[in-house]
Engineer: 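The structure's right below; bear with me while I get my questions together.
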Amino acid sequence: MPELPEVETVRRGLEPWLAGARIDKVTLNRADLRFPFPEGLKDALEGQTVTHVGRRAKYLLLSLSGGKTLLSHLGMTGSWRFAEHGIDKPPRYYEPGTEPKHDHMVWEIAHPRHGKSHLIYADPRRFGFIDLFERPEDSPFLRGLGPEPLGNDFSAAEMAEKFAGKKTPIKSALLDQRVVAGLGNIYVAEALHRAHILPTILAGKLVTARGKPKQALDELAIAVREVLIEAIEVGGSTLRDFRNAEGGSGYFQHRFAVYDREGQACPTPLCTGIIARIVQSGRSTFYCPVCQKRP
DNA sequence: CTGCCCTCCTGAGTGC
DNA sequence: TGCACTCAGGAGGGCA
């Protein structure tokens with residue numbers, strides 16, 4: 001589920017309560033998610049203080065006082081949230097017989113100002129995963145990631161270098177985390193619509209013979225940034241599962257121009273198009289056949 | 001190397 | 001109401 005805006009929303013929800021908190025106790029309710037939990041995870045976490053709550057692409061990065069970093073990927077249905085309960089009491093739904101079956105990891109934490117609470121990682125489909133490392137270069141998940149789309153290294157010129165000669169459709173190219181890190185199916189569709197680019201056009205067609213970005217690619221870089229910033233401002237998108245750390249929904253789904261809007265009118269001013277859905281490399285692509293024609 | 005396709009898993013939604 | 005079936009926001013790995 002969660003793409004960059006959703007992970008950033010989770011990060012912002014966790015930060016005020018988690019940064020500075022000490023992890024007193026870790027309960028693992030199973031041995032794995034998508035991958036086995038890192039060896040010695042419980043011992044590595046207990047007694048540590050979380051010094052920083054960060055994010056890289058779709059990864060949540062919790063820095064620990066001992067120098068290690070915990071990496072959390074939410075897969076499609078992963079969530080971090082604080083249990084609703086009073087200080088020093090167990091979460092309500094850990095009363096006997098009411099344990100939710102998808103709460104795979106529970107932390108008891110103590111914050112110098114906010115007191116004690118429980119932080120729960122839940123993930124029904126278990127596509128999420130956890131990693132623990134000393135240095136970022138030690139984690140295979142961070143290696144090879146492209147630039148942060150909201151950072152200084154991301155630009156049309158940078159994309160043009162990667163796209164030159166590329167025969168993959170622009171939709172698939174943007175989903176490749178080595179090109180730009182943090183986009184998923186939703187925000188790729190929205191960004192392509194804003195830049196009026198046809199999702200099936202080959203990525204190489206957006207680059208001039210001299211290897212420079214065509215105007216459409218310039219506008220795509222801008223559109224990617226805009227759509228992500230707007231989505232973060234309203235707490236990401238909730239289609240089914242996504243919840244922030246307080247258990248609330250995002251609101252960006254109400255602003256979708258194309259995603260999940262097959263058969264509806266294109267919102268581009270003066271455009272008469274009807275949103276279409278096609279399948280590209282096994283994933284749904286939504287676009288407007290009338291105003292998205294550019295290479 | 002590149003570009004596909006499959007897969008992991010559960011739950012929600014749909015149609016009969 | 002029940003049941004079978006399809007589909008879903010990710011991404012590693014395997015294949016041609």
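Labels below follow one simple rule: chain letters A, B, ... track the order of the sequence lines, proteins then strands, and each chain is numbered from 1.
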Engineer: Could you state the CG-P distance from A:L74 to B:dC8, rounded to the nearest angstrom?
Structural biologist: 22 Å

Engineer: Rounded to whole Å, how long is the line connecting atom CZ of A:R261 with atom P of C:dG9?
Structural biologist: 17 Å

Engineer: Look at the side chain of A:P124 and decide which nucleotide, out of C:dG9, B:dG11, B:dG3, has an atom nearest to it.
Structural biologist: B:dG11

Engineer: Is the closest basic N to carboxylate O distance between A:R56 and A:E148 below 4.0 Å?
Structural biologist: yes

Engineer: If you compare every side-chain N and O of A:T168 against the phosphate oxygens of B:dC4 (OP1, OP2), does one of them come in below 4.0 Å?
Structural biologist: yes

Engineer: For A:D218 and A:K212, run salt bridge (Lys or Arg N to Asp or Glu O under 4.0 Å): C-alpha distance rounded to whole Å, both residues' side-chain angles, the deciding distance at 0.1 Å, then the answer.
Structural biologist: CA-CA 10 Å; A:D218 282 323; A:K212 300 296 178 198; over 6 Å; no

Engineer: Specify the separation, in whole Å, of atom CZ of A:F129 and atom P of C:dG12.
Structural biologist: 6 Å

Engineer: Mind running salt bridge (Lys or Arg N to Asp or Glu O under 4.0 Å) on A:R194 and A:E230 for me, showing each step along the way?
Structural biologist: CA-CA 13 Å; A:R194 283 184 188 215; A:E230 288 174 30; 2.9 Å; yes

Engineer: Is the shortest side-chain N/O distance from A:R126 to OP1 or OP2 of B:dT10 below 4.0 Å?
Structural biologist: yes

Engineer: If you measure from the Lys or Arg side-chain nitrogens to the Asp or Glu carboxylate oxygens, is any gap between A:E158 and A:K162 under 4.0 Å?
Structural biologist: yes

Engineer: Across the strands shown, which category fits A:S284 at heavy-atom distances under 4.0 angstrom: base, sugar-phosphate, nothing?
Structural biologist: sugar-phosphate

Engineer: Which listed nucleotide (C:dG12, B:dG3, B:dC9) is nearest to the side chain of A:K166?
Structural biologist: B:dG3

Engineer: Could you give the OH-to-P distance, from A:Y259 to C:dA8, as a whole number of Å?
Structural biologist: 7 Å

Engineer: According to a strict under-4.0 Å criterion, is A:Q177 in side-chain N/O contact with OP1 or OP2 of C:dA11?
Structural biologist: yes

Engineer: Across all strands, who's sitting opposite B:dC9 as a Watson-Crick or G-U wobble pair, both distances under 3.5 Å?
Structural biologist: none

Engineer: Can you check whether A:H73 has a side-chain N or O nearer than 4.0 Å to OP1 or OP2 of C:dA11?
Structural biologist: yes

Engineer: With heavy atoms under 4.0 Å as the rule, sort A:G184 into base, sugar-phosphate or nothing.
Structural biologist: sugar-phosphate

Engineer: From B:dG11, C:dG9, C:dA11, pick the nucleotide closest to the side chain of A:R34?
Structural biologist: C:dA11

Engineer: Can you tell me if A:R30 has over 12 outside heavy atoms packed within less than 6.0 Å of its CZ?
Structural biologist: yes

Engineer: From CZ of A:F141 over to P of C:dG12, roughly how many Å is that when rounded to an integer?
Structural biologist: 7 Å

Engineer: Find the distance A:L33:CG to C:dG10:P and express it as a whole number of Å.
Structural biologist: 17 Å

Engineer: Tell me which nucleotide, if any, is Watson-Crick or G-U wobble paired with C:dG9 when both distances must be under 3.5 Å.
Structural biologist: none

Engineer: When all nucleic acid strands are considered with a 4.0 Å heavy-atom cut-off, which category describes A:P169: base, sugar-phosphate, or nothing?
Structural biologist: sugar-phosphate

Engineer: A:K58 NZ to C:dG9 P: how many Å, rounded?
Structural biologist: 10 Å

Engineer: Quick one: A:R30 CZ to B:dC9 C1', roughly how many Å, whole number?
Structural biologist: 10 Å

Engineer: Working note: A:R11 + A:E8, criterion salt bridge (Lys or Arg N to Asp or Glu O under 4.0 Å); need CA distance, chi angles, decisive distance, verdict.
Structural biologist: CA-CA 5 Å; A:R11 191 200 69 75; A:E8 178 62 18; 3.1 Å; yes

Engineer: Counting just side-chain N and O atoms, does A:H102 come under 4.0 Å of either OP1 or OP2 of B:dG11?
Structural biologist: yes

Engineer: Looking at C:dG9 and A:F242: do their rings stack (centroid distance under 5.5 Å, interplanar angle under 30°)?
Structural biologist: no

Engineer: Check whether the side chain of A:R125 and the base of C:dA8 form a donor-acceptor pair under 3.5 Å.
Structural biologist: yes

Engineer: Using atom P of each nucleotide, how far apart are C:dC3 and B:dC9 to the nearest Å?
Structural biologist: 24 Å

Engineer: Heavy atoms only, 4.0 Å cut-off, all strands: where does A:R178 land among base, sugar-phosphate and nothing?
Structural biologist: nothing

Engineer: Whether A:K167 contacts B:dC4 is assessed here as follows: a side-chain N or O lying under 4.0 Å from the phosphate OP1 or OP2. Is that the case?
Structural biologist: no

Engineer: Between C:dG12 and B:dG11, how many Å separate the two P atoms, rounded to a whole number?
Structural biologist: 25 Å

Engineer: For a side chain to side chain donor-acceptor pair (under 3.5 Å) check, start with the C-alpha distance between A:Y187 and A:S237, then their side-chain angles and the critical distance, and finish with the verdict.
Structural biologist: CA-CA 10 Å; A:Y187 297 105; A:S237 307; 2.6 Å; yes

